[in-house]
Amino acid sequence: MERDKTILIVGLGLLGGKYAQVLSGKGYPVWGIDRDPEAVRWALERAYIARGAAENFEELVTGAQRIVFALYPTAFLEWVKQYGHLIRPGTLITDVSGVKRGVVDPVQELLPEGVEFIASHPMAGRESSGITHSAEVDFAPANFIVTPTARNTPEAVAWCEDLARTLGFAHITTLSVAEHDRMIGYVSQLCHAIAVSLMCASDNSRLAEYTGDSFRDLTRIARINEKLWAELFLWNRDNLIGEIDMFDAALQKMRTFLAEGDREGLEEMFRLSTVRRAAFDKKPDAKTPDAGH
């Protein structure tokens with residue numbers, strides 16, 4: 001994270017805005033572009049970025065030495081197809097995309113010679129969206145995943161990990177592109193699918209008057225950015241369908257225990273879930289490296 005390298009944020013939304021806020025706050029030169037002039041204006045007024053544009057941004061692209069793409073996967077691909085030739089050799093770029101297959105290989109193929117794309121995923125989204133909510137994002141408790149390929153150099157991987165540390169992520173890991181999408185299908189997308197399905201299962205509008213914390217906690221992520229998540233689900237549909245089938249099998253197993261009055265079976269499921277959930281409550285060992293495989 002050289003302080004003399006200008007960082008361009010492409011997409012000043014929730015995560016792009018937070019990247020800009022943190023990096024500018026730590027003294028890094030940050031520029032930003034977004035198709036929404038209001039997002040650019042908002043970022044400039046708060047000194048999240050030193051320069052910004054919603055159009056005629058070619059000079060910003062050619063002048064940047066580091067670029068972060070905070071775009072939806074489809075928009076990311078289209079942007080690189082249209083403007084990727086402007087990125088100058090020697091530039092390192094990364095992204096925030098929630099899916100990697102279908103993104104990483106095509107982008108690496110499209111980029112000019114001498115431009116290196118090292119993909120990453122900050123798992124720090126929220127149910128809110130837009131740069132006006134970016135200050136609410138907290139990177140410290142979130143995971144940051146780097147997904148290198150054979151095309152990436154050790155220097156690019158090290159830069160991406162250093163970027164994560166600079167942003168405030170305490171836990172940085174490395175996965176392959178395929179491993180990332182399998183993992184995200186279970187720990188993120190399936191959770192959203194369950195929350196959405198639970199909210200769509202009943203149209204009782206008075207639930208909020210008498211529900212408890214369990215329902216509120218379980219359905220918090222059901223307040224969802226429909227355009228983003230429809231795209232993420234479809235890009236990772238094979239993994240997500242497999243996870244939905246696995247979840248359905250577990251739910252049907254519980255249904256069988258209920259139908260048969262099998263208290264022992266239910267208690268065994270509850271014991272297993274308690275043991276497995278405890279692993280998520282353990283604090284990371286202070287001696288454990290903050291980046292690994």
Side-chain angles (χ1 to χ4, degrees), residues 6-57 59-61 64 66-79 83 93-99 103 120-145 163-170 184 188-189 191-192 195-196 199 208 216-217 219-233 235:
T6 299
I7 304 166
L8 174 66
I9 311 294
V10 182
L12 294 170
L14 184 74
L15 291 178
K18 186 64 177 184
Y19 273 48
Q21 179 197 18
V22 174
L23 294 172
S24 291
K26 292 189 174 183
Y28 291 92
V30 181
W31 299 343
I33 60 177
D34 194 282
R35 65 182 180 181
D36 180 4
E38 283 302 303
V40 175
R41 180 190 61 78
W42 203 92
L44 285 168
E45 287 180 351
R46 287 157 181 79
Y48 284 17
I49 57 176
R51 296 180 62 188
E55 56 184 2
N56 301 323
F57 48 73
E59 182 183 348
L60 299 185
V61 178
R66 304 288 183 261
I67 304 178
V68 176
F69 285 92
L71 302 173
Y72 294 1
T74 300
F76 182 19
L77 282 176
E78 291 302 315
W79 194 99
Y83 303 110
I93 71 175
T94 190
D95 69 329
V96 304
S97 300
V99 291
V103 175
S120 61
H121 181 193
M123 295 188 65
R126 295 175 56 86
E127 57 272 20
S128 53
S129 61
I131 193 170
T132 56
H133 293 282
S134 60
E136 302 165 12
V137 177
D138 184 6
F139 287 155
N143 293 318
F144 188 96
I145 305 169
L163 171 64
R165 283 187 287 270
T166 302
L167 289 166
F169 287 90
I184 214 71
S188 178
Q189 294 178 347
C191 298
H192 283 79
V196 168
M199 291 306 305
R216 281 191 289 268
D217 291 346
T219 58
R220 176 185 60 82
I221 56 175
R223 192 174 65 185
I224 198 167
N225 180 333
E226 72 277 7
K227 294 188 181 299
L228 171 62
W229 282 95
E231 183 165 320
L232 295 176
F233 274 28
W235 276 60

Could you report the tightest heavy-atom contact between M123 and I145, atom names first, then the distance?
SD-CD1, 3.4 Å
Apply side-chain contact (heavy atoms from CB on, under 4.5 Å) to L163 and L23, showing your working.
CA-CA 9 Å; L163 171 64; L23 294 172; 4.2 Å; yes
Please check if any side-chain donor atom of Q21 sits under 3.5 Å from a side-chain acceptor atom of S134, or the reverse.
no
Check whether any side-chain heavy atom of I49 lies under 4.5 Å from a side-chain heavy atom of L12, and answer yes or no.
yes
If you count heavy atoms of other groups shown closer than 6.0 angstrom to CZ of R41, is the number above 12?
yes
Taking all non-hydrogen atoms of both residues into account, name the closest pair between V61 and L8 and its distance.
CA-CD2, 3.9 Å
In short, T74 meets E231 closest at the heavy-atom pair N-OE2, 2.7 Å
Parallel, tilted or perpendicular: ring planes of W79 versus F69, cut at 30 and 60 degrees:
perpendicular
Taking C-beta and beyond as the side chain, do Y28 and T166 meet within less than 4.5 Å on heavy atoms?
yes
Please report the closest heavy-atom contact between P73 and V99, naming both atoms and the distance.
CG-CG2, 3.7 Å
Please round to the nearest 0.5 Å and tell me the distance separating atom CZ of R46 and atom CD1 of I131.
8.5 Å
Is the shortest side-chain heavy-atom distance between Y19 and I7 below 4.5 Å?
no
Y48 and I9, any side-chain heavy atoms less than 4.5 Å apart
no
Donor-acceptor contact present, side-chain S24 to main-chain A20, <3.5 Å
yes
Quick one: does D95's side chain have a donor or acceptor within less than 3.5 Å of a partner on S120's backbone?
yes
Smallest heavy-atom separation, F139 atom then L167 atom, equals CD1-O, 3.4 Å
Hey, could you give me the CG/CZ distance between L60 and R51, rounded to the nearest 0.5 Å?
5.0 Å
Flag side-chain contact, heavy atom, 4.5 Å: N225 against Y72
yes
Compare every heavy atom of H121 with every heavy atom of I184, then report the nearest pair and how far apart it is.
CD1-CE1, 3.5 Å
From CA spacing to verdict: side-chain contact (heavy atoms from CB on, under 4.5 Å), W235, V103:
CA-CA 9 Å; W235 276 60; V103 175; 3.2 Å; yes
Parallel, tilted or perpendicular: ring planes of W229 versus H192, cut at 30 and 60 degrees:
parallel
